[in-house]
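Input: a single structure, listed below in structure tokens.
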2 protein chains.
Amino acid sequence: MNRVTIKSIANDLGISHMTVSRALSNSPNVQKETREAVQKRARELGYVRNAAAMVMRGDAPKIVGLLLPNIVNEFYARFANDMATACESHSLQLIIHLTNDDVANQQQALDRLQEVQASSVVMVPAPNGTDGDTPNTGSMRTIELIRQSRNAPDTPAILVDDGPAIRAATAHLARAGHTHIAYIGATSDLSSGRRRLEAFVQGTMEAGLTVPPEMIHTGAPSFAMGCDKANIILEESRATAILCGGFEISNGALSAVIDGSRNMERKIAFVGYGDPSFYAWIENGVSTVHVPVTELAHRAVDLITTQNGEASASNAFPAKFIAR
Amino acid sequence: MNRVTIKSIANDLGISHMTVSRALSNSPNVQKETREAVQKRARELGYVRNAAAMVMRGDAPKIVGLLLPNIVNEFYARFANDMATACESHSLQLIIHLTNDDVANQQQALDRLQEVQASSVVMVPAPNGTDGDTPNTGSMRTIELIRQSRNAPDTPAILVDDGPAIRAATAHLARAGHTHIAYIGATSDLSSGRRRLEAFVQGTMEAGLTVPPEMIHTGAPSFAMGCDKANIILEESRATAILCGGFEISNGALSAVIDGSRNMERKIAFVGYGDPSFYAWIENGVSTVHVPVTELAHRAVDLITTQNGEASASNAFPAKFIAR
DNA sequence: TTGAAAGCGCTAACAT
DNA sequence: ATGTTAGCGCTTTCAA
């Protein structure tokens, strides 16, 4: 089962492959009959042009990479979805890679993207364990998402300005009478982890509460981590509320909190991070910090399609606290 | 900013590009010094091999396409995730395309996959509006997922044997005293829609109930459709229970049911389809038909990596009814 | 209106 | 151990 190429068609028709090429691209410089004959035969044979050849010649559509920790979390899924749509309408080819928040996977994905001549990458940088090396993105235009890696401070980043929302969440809990509010978030080697924790501390103090260190739980962000930390908090039973600072963490912690309230009758107030649709459907709704996904995705594509990557002032999108 | 190629490196070092090629692929036929010098220079210059060139030569890693209606639904997201993992370990390159259940998008995705020389596609066939034309998958090995398109009956398909589970769900509802059970599912031009509806009808009759046609709601499966139909059922208020036959439909209907119970105090029993994690967290848990995602994904990769596509007997995976 | 040649980056197969 | 040639599929440039 050999591939159909312009040459095989040319052979089949007893003409030069150039004529076939021209006919297939609707060049005016082919006799109408020839053109139609060629197109007909091409259709019959099931001809498809070879993308690799186009890439080699350099006239391929722009390829954009998207590196996400995973695709199961609704935030990331929505982002991918929205970005795919936006790319479509700009005739950009989107390639999604999952890093699982692991630097090795991340670098492998970046390498593959360079191999296919991707011109840009949008990436959620993985927490860099031993730190040290900047991810190598070669000559690809790089845009960081959500987190900003400290070792590439000049890379444009699309960030969430969630400080106010987190402070509002803290205030909300304090107003409801909670004096011991636990926080679960990412380690401070992630910019997002740092910022969110700061906001939490600040919010707590603004509410006139103290922030004992044992109320603060950080680690590499993941569903399992959120789950574990929440269980610890439930065990200790000193805190009466939990506030989360991360998409995965939030889902994990929420699952632990729900299990806890069912199986052990441990009630605890909860504020999540990110706003997957089901947060509105659970019990009477889960209060949360809402992040404007679609706007982020659009900005990403904007940054890719325009040259001036330096509107960085406007690359922070405000999150919103939703009380439910 | 010119790309670094073996030729540019060769030039830079004043040697032949072949030596560079050999050095970079660790061929034994290069002097150690030469090899090391080349590798060093390549690293400095940030060389990455050109995937397009490899594809043209035909020694590229196998490419596998995955066509999904969307990636936001947790079932599809998990499938993509699991398949990505499995592909990784078989050194297959996975490319995901979203069809939005639209035939035109679907064909476009298939074309692109052929252009990049994908050897196989795993696809959830879109409902074919005017029917007629089979999706053109060229010479790619095609595997259908969940649904089986009637115009390609000999294509291997990975299906869910959900009949028993759906009948169990119906029995469950009947046992709870429901005599008017509404069904929302896909149109019968989808094999899955046909099969599930049949199972529902059969289950209802087995429970000694009649199945008035106004209890059956079908259409092109989507979140919005599930939502709309559920609202209609709530309006009519003849049914006391809803059973869903589709991933998207289920989520849509569930959202309508929850809204309904909150805003208008219309209580109705609900059994969903698919088992996104949050179904366990809502109220006291949502009963549902559970589909074994991971197994499906693994089978897909199995089928791709082995030649014998014809173990089709074992390509149906049993769903499980989960009462919550 | 058609064709022939060259070249994109790479490696297998021959030289040397 | 190293270099040369050819060819994967395609289009741009130049020639007929």
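Order of the sequence lines sets the chain letters (A, B, ...), proteins ahead of strands, with each chain counted from 1.
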**OP:** Provide, to the nearest angstrom, the distance between the CD1 atom belonging to A:Ile6 and the P atom belonging to C:dA4.
**Re:** 13 Å

**OP:** Take the protein atom CG of A:Asn11 and the nucleotide atom C1' of C:dG3, then report the distance between them rounded to whole Å.
**Re:** 14 Å

**OP:** Take atom CD of A:Gln114 and atom C1' of C:dG9, then tell me their distance rounded to the nearest Å.
**Re:** 16 Å

Original post:
For B:Met18, which contact category applies under a 4.0 Å heavy-atom criterion: base, sugar-phosphate, or nothing?
Top reply: base

Subject >> Nearest-angstrom distance from the residue atom CZ of A:Arg57 to P of D:dT13 >> reply: 9 Å

Original post:
Closest to the A:Ser16 side chain: C:dA4, D:dT11, C:dC10?
Top reply: C:dA4

Subject >> Stepwise side-chain hydrogen bond (donor to acceptor under 3.5 Å, both in side chains) check, B:Gln39 with B:Asn26 >> reply: CA-CA 9 Å; B:Gln39 292 182 340; B:Asn26 271 314; 3.3 Å; yes

Subject >> With A:Leu67, the side-chain contact (heavy atoms from CB on, under 4.5 Å) member among A:Val124, A:Leu98, A:Leu110, A:Val122 >> reply: A:Leu110

**OP:** Describe the nucleic acid contact of A:Thr34 in one word from base, sugar-phosphate, nothing, applying a heavy-atom distance below 4.0 Å.
**Re:** sugar-phosphate

Subject >> Any donor-acceptor N/O pair, A:Ser21 side chain to A:His17 backbone, under 3.5 Å >> reply: no

**OP:** Go through the side-chain N and O atoms of A:Thr155 and A:Thr142 and say whether any donor and acceptor fall under 3.5 Å apart.
**Re:** no

**OP:** Respond yes when some side-chain nitrogen or oxygen of B:Ser21 is under 4.0 Å from OP1 or OP2 of C:dT11, and no when none is.
**Re:** yes

**OP:** Between B:Ala53 and B:Val30, just flag the one whose closest nucleotide in DNA chain D comes earlier from the 5' side.
**Re:** B:Val30

Original post:
Under 4.0 angstrom, heavy atoms only, what part of the nucleic acid is B:Arg22 near: base, sugar-phosphate, or nothing?
Top reply: base

**OP:** Can you tell me the distance, in whole Å, between the CG atom of A:Asn26 and the C1' atom of C:dT1?
**Re:** 16 Å

Subject >> Length of the line joining B:Asn29:CG and D:dA1:P, which is rounded to integer Å >> reply: 6 Å

Original post:
For the ring-ring contact (aromatic ring centres under 6.0 Å, His included) test, which of B:Tyr76, B:Phe223, B:Phe79 pairs with B:Phe247?
Top reply: B:Tyr76

Original post:
How close or far is atom P of C:dG3 from atom CD1 of A:Ile9, stated in whole angstroms?
Top reply: 14 Å

**OP:** For A:Gln31 and for B:Asn50, find the nucleotide of DNA chain C with the closest heavy atom, then tell me which residue's nucleotide is more 5'.
**Re:** A:Gln31

Original post:
With respect to the side chain of A:Thr5, which nucleotide from D:dG9, D:dC8, D:dT2 is positioned closest?
Top reply: D:dG9

Subject >> Euclidean distance, atom CG of residue B:Asp59 to atom C1' of D:dC8 [Å, nearest integer] >> reply: 10 Å

Original post:
Below 3.5 Å, does any donor atom in the side chain of B:His17 face an acceptor in the base of D:dT2, or the other way round?
Top reply: no

